[in-house]
Amino acid sequence: MQYDWVLFDADETLFHFGSYTGIKLMLERKGVELTDDSFRDYEKVNKPLWVHYQNGDITASELKTRRFKIWAEQLNTTPQELNYSYMQAMGDICTLLPGARELIEKLSQKVKLGIITNGFSDLQSIRLEQTGLAPYFEHVIISEEIGIAKPDRRIFEHALTLMGNPDKSRVLMVGDNPHSDILGGLNTGIDTCWLNTEKVPSPDGVNAHMEVSSLDELHQYLLA
């Protein structure tokens, strides 16, 4: 094993995100049916907000509030209440990506493990506990808690400090997002692995050290 530490993103790297299913369940619990048009309208607001969050232009609190503002007005509730209900629904539908449990269990016998995620604290905690993966990770670094989001290298440097400043050549970052996970890792000087399940072309200027299409493939690469 050439690494002492393997760091993972959370959403769509270890856990299925399932935004549509989570929104649908949240609204069903309020007696409202989700339509494709209303979900598209939500995504038109939500996706740019995540870009602004990753760029450091807005806070996690602003993202949580602004993405649900229109629905909150329609449902006569608050954006904060809708966000809480959404987090609960997302926790209830949480599932692991194929091969995630086996990979983490085997890797934990060889290296130390960590998570660096732009996801929100309440949801990540629920997921880690529900799936039983929490004990395998030495550190879980959540952007909401430290006020810095990937790809800002400061969140990676924060993680490395918590890890005791290991040799960067012995650290691997695994993630599905080439901009936040891979570019952030590259700018920090650690090795990167792009989990490219859709097999899409690499963005210009983002060249991961390795690329896999599944966690099973990563398992074979690291532990064969």
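Excluded from the calculations below are hydrogen atoms, water molecules and symmetry mates; all remaining heavy atoms, backbone and side chain alike, are included.
No side-chain donor from either of Asp216 and Ser214 sits under 3.5 Å from a side-chain acceptor of the other. Checked by atom type, the side-chain pair Tyr53/Asn118 shows no donor-acceptor distance below 3.5 Å. Between the side chains of Glu81 and Ser85, a donor-acceptor pair is found at a separation under 3.5 Å. In summary, the side chains of Ser180 and Gln54 do not present any donor paired with an acceptor at a separation below 3.5 Å, with no hydrogens or angles considered. In the model, Asp122 has no side-chain atom that pairs as donor or acceptor with a side-chain atom of Tyr84 under 3.5 Å. Counted by atom type alone, Asn83 and Arg67 present one or more donor-acceptor pairs between their side chains at under 3.5 Å.
Once rounded to the nearest 0.5 Å, the distance linking CD1 of Ile155 with CG of Leu160 reads 11.5 Å. The CG atom of Leu222 sits 10.5 Å away from atom CD of Glu217, with the distance rounded to the nearest 0.5 Å.
For Ser202 (side chain) and Val206 (main-chain N/O), a donor-acceptor pair under 3.5 Å exists by modelled atom type. Within the 3.5 Å criterion, the main-chain N or O of Arg154 finds a donor-acceptor partner in the side chain of Asp152. Side-chain atoms of Asn196 come within 3.5 Å of backbone N or O of Val200 as a donor-acceptor pair. Counting only distance, with no hydrogens or angles, the side chain of Thr65 and the backbone of Glu62 share no donor-acceptor pair below 3.5 Å. Between the side chain of His139 and the main chain of Leu162, a donor-acceptor pair closer than 3.5 Å is present. The closest donor-acceptor contact from the side chain of Thr188 to the backbone of Ile190 lies at 3.5 Å or more, if one exists at all. Looking at Arg170, its side chain does come within 3.5 Å of a backbone N or O of Gln2 through a donor-acceptor pair.
Of all non-hydrogen atoms in Ala60 and Phe120, the two that sit nearest each other are CB-CE2, 3.7 Å. Here the closest non-hydrogen pair linking Glu105 and Ser108 is O-OG, 2.7 Å. The two residues Cys193 and Leu218 have their closest heavy-atom pair at SG-CD1, 3.9 Å. Of all heavy-atom pairs between Pro98 and His16, the closest is CD-NE2, 3.9 Å. Heavy atoms only, all atoms of each residue included: Thr192 and Ala208 are closest at OG1-CA, 3.3 Å. Nearest heavy-atom pair, Thr131 versus Arg127, reported as atom, atom and distance to 0.1 Å: OG1-O, 2.7 Å.
Taking the side chain as every heavy atom from C-beta outward, Tyr42 and Lys47 never approach each other to under 4.5 Å. Leu75 places a side-chain heavy atom less than 4.5 Å from the side chain of Lys30. Within the 4.5 Å cutoff, side-chain heavy atoms of Leu96 are placed close to those of Leu133. Counting heavy atoms from C-beta outward, Lys110 and Val6 have side chains that stay 4.5 Å or more apart.
When each of Leu195, Asp176, Asp11 is checked for a side-chain contact (heavy atoms from CB on, under 4.5 Å) with Leu97, only Leu195 meets the rule.
Using bins of under 30°, 30° to 60° and over 60° for the plane-to-plane angle, the ring pair Phe17/Tyr86 lands in the perpendicular bin.
Salt-bridge annotation for Lys24 and Glu28: present, with a side-chain N of the basic residue lying under 4.0 Å from a carboxylate O of the acidic one.
No close placement of the Phe39 and Trp71 rings is indicated, their centers lying 6.0 Å or farther apart.
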